[in-house]
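The analysis underlying the following values was restricted to heavy atoms, covering all of them including side chains, and did not include hydrogens, waters or symmetry mates.
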Amino acid sequence: AVVNPYEACFGLAESAARSGVDIRTDCRVVSMGHSGDTWAIATSDGEVRARFVLNAAGVHAGAIAQMAGLDRYRVRARKGEEYLLDKRLRGLVSRIIYPCPSPTSKGTLVIPTYDGTIMIGPTADEVDDPEDVATTASGAARVIAAAKRLVPGISERDIIAEFAGVRAVLDDEDFRIGPTDAAGFFDVAGIQSPGLTAAPAIAVMVVGLLRAAGLELAPRPGGLAEVERPIHFAALPIIEQQRLAAADRRFGQIVCRCETVTEAEIHGAIERGAHTLDGLKFRTRAGMGRCQGGFCTSRCMELLARDLGVSLAQITKRGGGSWLVVEHGDSGAVAGGPAPLRDLGGAS
Ligand SMILES: Cc1cc2nc3c(=O)[nH]c(=O)nc-3n(C[C@H](O)[C@H](O)[C@H](O)COP(=O)(O)OP(=O)(O)OC[C@H]3O[C@@H](n4cnc5c(N)ncnc54)[C@H](O)[C@@H]3O)c2cc1C
């Protein structure tokens, strides 16, 4: 099945946050120590104390294990480059098309995404730097050639965006989920593809492991908080669009013309926790269309600044120091780095 990965992750994060989970973004674990039955975890945002630690740090799981005094495994980084084709090709394929798999990957796929674009990729290249998410000319050439073999109508001229991610690969090429020699410290490591698909089952397994280790978990009274699906104006029938625009004029203001994202959707996303440009983009698709934010970036920044009551210089692309503009003082001096704004699940 093809799912909207952003909506799935934000839905789960919002439900968790509304159910009482304290989610911290832009918060780097730098060291940890164990005393009695408590882990003291030093982070860039202060200390966190916990009885149990789940090491789900992807390509950095080896480094986190070392902080816990465990020399458990080497995590290799296997980069995958993906290329997104214009919606003009919507309908060219109706299902995911797979080639024969290679020993290390499913091969280059042609994927009709949830949003109507077609994604081609990924590559599978081992890289030394786990932060290496650059696309390359060689990766593009290989992906395009492989995709054309599957669907000859695909052309490189239809590429509107390209990006890459790194898979966390252990030597046995398998997930490693379970307790370790350090009391209360669990591996949830080596979760390479299909980690998103497997995530709900992994969560159930981890709950079982924590229970077995003595954590008392009682069902939350009233169950988990439900989150309502955000409105995606572009996907609605025109009669419904007209009804919304008549009831709230912000639905009549189009911010992202490529993806027909309205001002009301932008405000809604900010209210639900988007504090960065990428947080907005992944929730609403503003900036994901053919012009890739060429027209709507400044408007999105204005709306973020206005709703959050901050200056444009405080708006970041994805948290940390990824500011988009700098403010010059009267003297012409550049203002010092402003405090970054936190995004619920959108900053990393
Ligand atoms: C190109 C590509 C295509 C894929 N396609 C699919 C697919 O079609 N279907 C599918 O199911 N899966 C797919 N996957 C796999 C899926 O994306 C992964 O399995 C999944 O993201 C792994 O989740 P994770 O939480 O284990 O690791 P990650 O998503 O890597 O998360 C690890 C987190 O730990 C954080 N972290 C690391 N170090 C620290 C630290 N010191 N302090 C604080 N935080 C830290 C990181 O910032 C990160 O947020 C694909 C992966 C790639 C790269």
Side-chain angles (χ1 to χ4, degrees), residues 3-30 32 39 41-58 60 64 114 186 188 191 195-211 215-232 261 264-286 300 303-310 314-320 322 339-348:
V3 299
N4 179 340
Y6 309 115
E7 206 170 301
C9 289
F10 286 129
L12 290 169
E14 274 185 45
S15 171
R18 289 192 205 176
S19 302
V21 175
D22 177 15
I23 298 177
R24 300 199 190 177
T25 58
D26 254 338
C27 173
R28 176 163 288 274
V29 173
V30 288
M32 63 180 79
W39 287 93
I41 300 138
T43 79
S44 54
D45 192 21
E47 190 185 76
V48 177
R49 297 178 82 78
R51 209 171 127 209
F52 296 102
V53 176
L54 303 176
N55 180 7
H60 296 289
I64 296 284
Y114 180 86
F186 290 77
V188 191
I191 311 295
L196 179 64
T197 313
I202 293 174
V204 171
M205 182 176 173
V206 168
V207 166
L209 290 167
L210 290 170
R211 277 215 169 97
L215 181 63
E216 278 176 33
L217 291 164
R220 189 173 176 274
L224 288 178
E226 285 193 13
V227 289
E228 58 288 356
R229 270 196 95 176
I231 292 172
H232 288 300
V261 180
E265 290 166 273
I266 302 285
H267 288 301
I270 297 170
E271 254 169 45
R272 292 172 74 147
H275 287 178
T276 65
L277 207 57
D278 275 0
L280 271 189
K281 174 173 157 176
F282 295 146
R283 283 173 175 84
T284 66
R285 290 193 58 75
C300 287
L303 293 172
L304 273 168
R306 201 174 72 197
D307 283 13
L308 299 172
V310 298
Q314 279 174 279
I315 304 295
T316 64
K317 177 166 164 50
R318 53 184 305 130
S322 61
L341 295 164
R342 304 286 163 98
D343 190 319
L344 169 59
S348 54

Would you give the length of the straight line joining atom [atom1] of [X] to atom [atom2] of [Y], rounded to the nearest 0.5 angstrom?
{"X": "Ile191", "Y": "Ile202", "atom1": "CD1", "atom2": "CD1", "answer": "4.0 Å"}
{"X": "Leu304", "Y": "His267", "atom1": "CG", "atom2": "NE2", "answer": "10.0 Å"}
{"X": "Tyr114", "Y": "Arg285", "atom1": "OH", "atom2": "CZ", "answer": "10.5 Å"}
{"X": "Asp26", "Y": "Arg318", "atom1": "CG", "atom2": "CZ", "answer": "10.0 Å"}
{"X": "Glu47", "Y": "Met32", "atom1": "CD", "atom2": "CE", "answer": "11.5 Å"}

Return yes if some donor-acceptor pair links the side-chain N/O of [X] with the main-chain N/O of [Y] below 3.5 Å, else return no.
{"X": "Ser44", "Y": "Arg28", "result": "yes"}
{"X": "Ser322", "Y": "Gly319", "result": "yes"}
{"X": "Arg211", "Y": "Val207", "result": "no"}

Can you name the nearest heavy-atom pair linking [X] to [Y], along with the distance?
{"X": "Glu265", "Y": "Ile231", "value": "OE2-O, 3.1 Å"}
{"X": "Ile315", "Y": "Ala305", "value": "CD1-N, 3.8 Å"}
{"X": "Arg51", "Y": "Trp39", "value": "O-CD1, 3.6 Å"}
{"X": "Ile23", "Y": "Ala13", "value": "CD1-O, 3.5 Å"}
{"X": "Pro200", "Y": "Thr197", "value": "CD-O, 3.4 Å"}
{"X": "Ala57", "Y": "Ile64", "value": "CB-CG1, 3.7 Å"}

Phe52 and Phe186 aromatic ring geometry - parallel, tilted or perpendicular at 30°/60° bounds: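 Tilted, since the angle between the ring planes falls between 30° and 60°.
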Just jot down the side-chain contact (heavy atoms from CB on, under 4.5 Å) partners of Glu228, sequence neighbours excluded, or say none. Arg18, Arg272
Determine, for Arg229 against Glu7, whether the closest basic-nitrogen to carboxylate-oxygen distance falls under 4.0 angstrom. yes
I'd like a table of donor-acceptor pairs (distance under 3.5 Å, sequence neighbours excluded) in which one partner is a side-chain atom from residues 219-227, with atom names and distances.
| from | atom 1 | to | atom 2 | distance (Å) |
| --- | --- | --- | --- | --- |
| Arg220 | NE | Ser19 | O | 3.1 |
| Arg220 | NH1 | Gly223 | O | 2.7 |

Could you go through Leu308 and Gln314, starting from their C-alpha distance and side-chain angles, then the distance that decides it, and tell me whether this counts as side-chain contact (heavy atoms from CB on, under 4.5 Å)? CA-CA 10 Å; Leu308 299 172; Gln314 279 174 279; over 6 Å; no
Do the side chains of Ile266 and Val261 get nearer than 4.5 Å, heavy atoms only? yes
